There are 2 protein chains.
Amino acid sequence: MIDVAHHAGVSIASVSKVLRGAPGVSSAMKERVNASVEALSYRPHRLARGMRGPMFTVGVMLSDIENPFFSLLIQGMVEVFGSQGYELQIAPATAGEESQNSVIDSLIDHQMDGLILIAPRGREEHLERIGEQVPMVVIGPHGPSEHYDTVSGDDELGSALIVDHLVSLGHRRIAFLTNEHPADRLNLPESARARGFEEAMGRHGLSDDLLFVPGVWSLEGGRDAARRILEASPRPTAVHAGADVAAFGILSYLWEEGVRIPEDVSVAGYDNSPMGSFTPISLTSVDQSGHEMGAIAAKLLLERIAGRSEPHNDVLTPRLIVRGTTSAPGAAIQSR
Amino acid sequence: MIDVAHHAGVSIASVSKVLRGAPGVSSAMKERVNASVEALSYRPHRLARGMRGPMFTVGVMLSDIENPFFSLLIQGMVEVFGSQGYELQIAPATAGEESQNSVIDSLIDHQMDGLILIAPRGREEHLERIGEQVPMVVIGPHGPSEHYDTVSGDDELGSALIVDHLVSLGHRRIAFLTNEHPADRLNLPESARARGFEEAMGRHGLSDDLLFVPGVWSLEGGRDAARRILEASPRPTAVHAGADVAAFGILSYLWEEGVRIPEDVSVAGYDNSPMGSFTPISLTSVDQSGHEMGAIAAKLLLERIAGRSEPHNDVLTPRLIVRGTTSAPGAAIQSR
DNA sequence: GTGAAAGCGCTAACAT
DNA sequence: ATGTTAGCGCTTTCAC
């Protein structure tokens, strides 16, 4: 910056003012400085700037880089932050709680102006403590919160939509693939979806007909689960896979085994992934508008950075998307 | 840090030394300082540290957050950097060259110790200029380079593997889906794959039978291309989709139209995405070991950060994975 | 082995 | 409207 000041024949404070667009600079000064900046192809040192004021950078803790739904979220954020002059940096973590916490700490150490946590596994108390230190938005069913905002889909309702749909088709015995999680963690999507499933089944008087299949939401996890579902007695006529990726695994295994879908077994996913809409998959699923969710999270974070401190807990309404993998049990209502 | 020094009753210089593990500190001093750090739950200010020395953070320019192959790359990097005490921050960009360049600039402004660019669209000269400023590794067919390293698959060979396979099955008229790109950009995966396709066709004396289908490598792009391929006359009996995601789109459209695969049209992808291996897709594809590629890029970057300046240009050998979407033309060699 | 002090590149009072 | 200067939290000579 000193070089620029010399080149332009002005003080470094003036350079700083021009660069920040601060008030109280003549247009002549602006031109001279900008010309010198150009001539020397000077770029401001973000760290030095960050030592005094904001970094104009927000951090995202990404708990699973493979999940395509999370990619959607990030795209929504990118658009909002980009248009507001904020930069976005993503710190990849794993599913483990320690990994996620250390990634979050690192983001704070880097003096990010705000944090968005995507489906964190940390406990509420811990999240509250982070929220006290830095503006924060959590994506996932985490409300109510004191010191941070949350955005999530109404996963209980989403599960209920699936159950209602299947029951209205005539299904009674329905399986749900749990994503393995500690029983005391009520703030995870898998908890909310399991809860919604159980309640909806109860509402239809089917509490004795539900089957919880322990397993993991992944392609392989879905295949494993499908194997066990076929062996169950009585065998379920429908499966709520919990997530699209798990549904893909289930479908894959069932198809290989010659099980007809949806005639023999109906399958519903969750997330409405792009792949699911395509033939020959045509997966019945629940849409939770990830793009919009990401954009909302970004806007909430900007509000918090601007000073708001009352917590917002936004819940988006999911939509059921009926496609070809669900039908009345035993009935081939549509060709596949 | 001053607080820690007071709490421990020592100078801030000593605190600094202990924290960095610098030589010349008594073990008594170490213990006192560490105790105070613990007691005050002090965390070092990364920006202030970065103003004097390295940040121990590397930046990744991610040109497409949706591409699952890129996720694989990042997982490979995470493992290497994590074990070496480096942090990884991902800056998401779009396919546009300007977007990518500004993201790269921003990474440099943040004083990252090194950069990995995933499939950048910038020109060689521009990349060289960046490589002069900061240790850098480019993932993509960009060699030979002066001031940075590259890692890539041998995309020309990969395309040739597909052509050889299809021709050995008896195909002659084969289509290739171009990912739209400027003709003068030879350093893109799409360019290399197109080149490999053309050369291999020529080698088999089929230069007159090849069909370049302009289009985009995406689900929708694949569907569009499939429509035009069906209309082509003479109609190709096989398609090299260029990328799995495009192949999925092609398959989707062909299935909807009642075209039998592989009997009527054979389809091959590129990338060996996890989804492709599952029934009912079972896509013939080319594996380019993304995980390993990411790990190699990370190691090369660490070497550069450590001081190496001779460029390395690593090329990984791709493997053809034959599955159910390719067969002799007109022949149903395997049930789907 | 330990501490004092200069300085990294900026911003923000404050003075002119 | 412009310039001077004191820090931000750390690292790093250089004395002690």
Side-chain angles (χ1 to χ4, degrees), chain A residues 1-37 39-57 85-87 105-113 133-134 305, chain B residues 1-37 40-57 85 87 105-113 133-134 305:
Chain A
M1 217 166 90
I2 291 180
D3 296 342
V4 175
H6 285 170
H7 183 102
V10 299
S11 76
I12 62 173
S14 302
V15 175
S16 171
K17 280 175 189 159
V18 171
L19 257 34
R20 287 175 294 135
V25 269
S26 65
S27 52
M29 171 70 84
K30 271 184 202 158
E31 283 195 27
R32 294 184 57 167
V33 170
N34 284 328
S36 298
V37 164
L40 303 177
S41 64
Y42 159 87
R43 306 237 5 159
H45 193 299
R46 298 290 299 255
L47 304 193
R49 169 179 294 200
M51 290 209 56
R52 304 291 298 185
M55 284 287 285
F56 291 104
T57 303
Y86 275 80
E87 273 162 31
D105 285 343
S106 140
L107 254 15
I108 294 175
D109 293 344
H110 283 262
Q111 303 296 114
M112 303 279 183
D113 301 318
Q133 297 175 49
V134 53
I305 291 174
Chain B
M1 217 166 90
I2 291 181
D3 296 342
V4 175
H6 284 171
H7 182 103
V10 299
S11 76
I12 61 174
S14 302
V15 175
S16 172
K17 280 175 188 158
V18 172
L19 256 35
R20 287 175 296 132
V25 268
S26 66
S27 51
M29 170 70 85
K30 269 183 204 158
E31 283 196 26
R32 293 183 56 168
V33 170
N34 283 328
S36 298
V37 164
L40 303 177
S41 64
Y42 160 86
R43 306 231 12 152
H45 192 297
R46 299 288 300 256
L47 304 193
R49 169 178 294 199
M51 289 206 57
R52 304 291 295 183
M55 285 288 283
F56 292 104
T57 302
E87 274 162 29
D105 286 343
S106 140
L107 254 15
I108 295 174
D109 294 343
H110 283 263
Q111 303 296 116
M112 302 279 184
D113 301 318
Q133 298 175 48
V134 52
I305 291 174

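All of these numbers come straight from a predicted model, not from anything done at the bench.
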Query raised in the report: Can you check whether Ala8(B)'s main-chain N or O pairs, donor with acceptor, with Arg32(B)'s side chain at less than 3.5 Å?
Result: yes
Query - Interatomic distance, Ile2(A) CD1 vs dG3(D) C1' [rounded to whole Å] - result: 14 Å
Report task. Please determine, for the side chain of Val10(B), which listed nucleotide (dT4(D), dG9(C), dG3(C)) has the closest atom? Result -> dG3(C)
Query raised in the report: Expressed in angstrom and rounded to an integer, what is the separation of Gln111(B) atom CD from dC10(D) atom P?
Result: 17 Å
Report task. Ignoring the backbone of Ala48(B), work out which of dT2(D), dC10(D), dG3(C) is nearest its side chain. Result -> dC10(D)
Report summary line: DNA chain D nearest-nucleotide lookup for Arg20(B) and Met51(B): closer to the 5′ end is Met51(B)
Query - side-chain N/O Arg43(A) vs dG9(C) OP1/OP2, d < 4.0 Å - result: no
**Report entry** Nucleotide of dC10(C), dA4(C), dG3(D) approaching Ser11(B) most closely (side-chain heavy atoms)
**Finding:** dA4(C)
Query raised in the report: Between CG of Leu47(B) and CE of Met51(B), what distance do you get to the nearest 0.5 Å?
Result: 9.0 Å
Report task. State the CE-CD distance between Met112(A) and Glu87(A), to the nearest 0.5 angstrom. Result -> 9.5 Å
Query raised in the report: Is the phosphate of dA1(D), meaning OP1 or OP2, less than 4.0 Å from a side-chain N or O of Ser14(A)?
Result: no
Report summary line: From CZ of Arg46(A) across to P of dC10(C) the rounded distance in Å is 12 Å
Query raised in the report: Nearest to the side chain of Arg49(B) - dC10(D), dC8(C), dT2(C)?
Result: dC10(D)
Query raised in the report: For the pair made of CE in Met1(A) and C1' in dC8(C), what is the distance, rounded to whole Å?
Result: 13 Å
Query - Validation row: Gln111(A), His45(B) side chains within 4.5 angstrom (heavy atoms) - result: yes
Query raised in the report: Is any side-chain nitrogen or oxygen of Ser16(B) closer than 4.0 Å to OP1 or OP2 of dT11(D)?
Result: yes
**Report entry** Atom-to-atom span, CG of Leu47(B) to C1' of dC10(D) - whole angstrom
**Finding:** 11 Å
Report task. Answer yes or no: side-chain N or O of Arg52(B) and base N or O of dG9(D) forming a donor-acceptor pair under 3.5 Å. Result -> no
Report summary line: Residue pair Ala13(A)/Met29(B) against DNA chain C: nearer the 5' end by closest nucleotide is Met29(B)
**Report entry** Nearest-angstrom distance from the residue atom NZ of Lys30(A) to P of dA1(D)
**Finding:** 10 Å
Requested in this report: Using a 4.0 Å heavy-atom cut-off across all strands, classify Gly53(B) as base, sugar-phosphate, or nothing.
Outcome: nothing
**Report entry** Separation of atom NZ in Lys17(A) from atom C1' in dC10(C), rounded to whole Å
**Finding:** 14 Å
Report task. May I have the distance from Arg32(B) (atom CZ) to dG3(C) (atom C1'), rounded to whole angstrom? Result -> 14 Å
Report task. First locate atom OG of Ser14(A), then atom CE of Met1(A), and finally report the distance between them rounded to the nearest 0.5 Å. Result -> 9.0 Å
Query raised in the report: Of the nucleotides dG3(C), dC8(D), dT11(D), which has the atom closest to the Ile12(B) side chain?
Result: dT11(D)
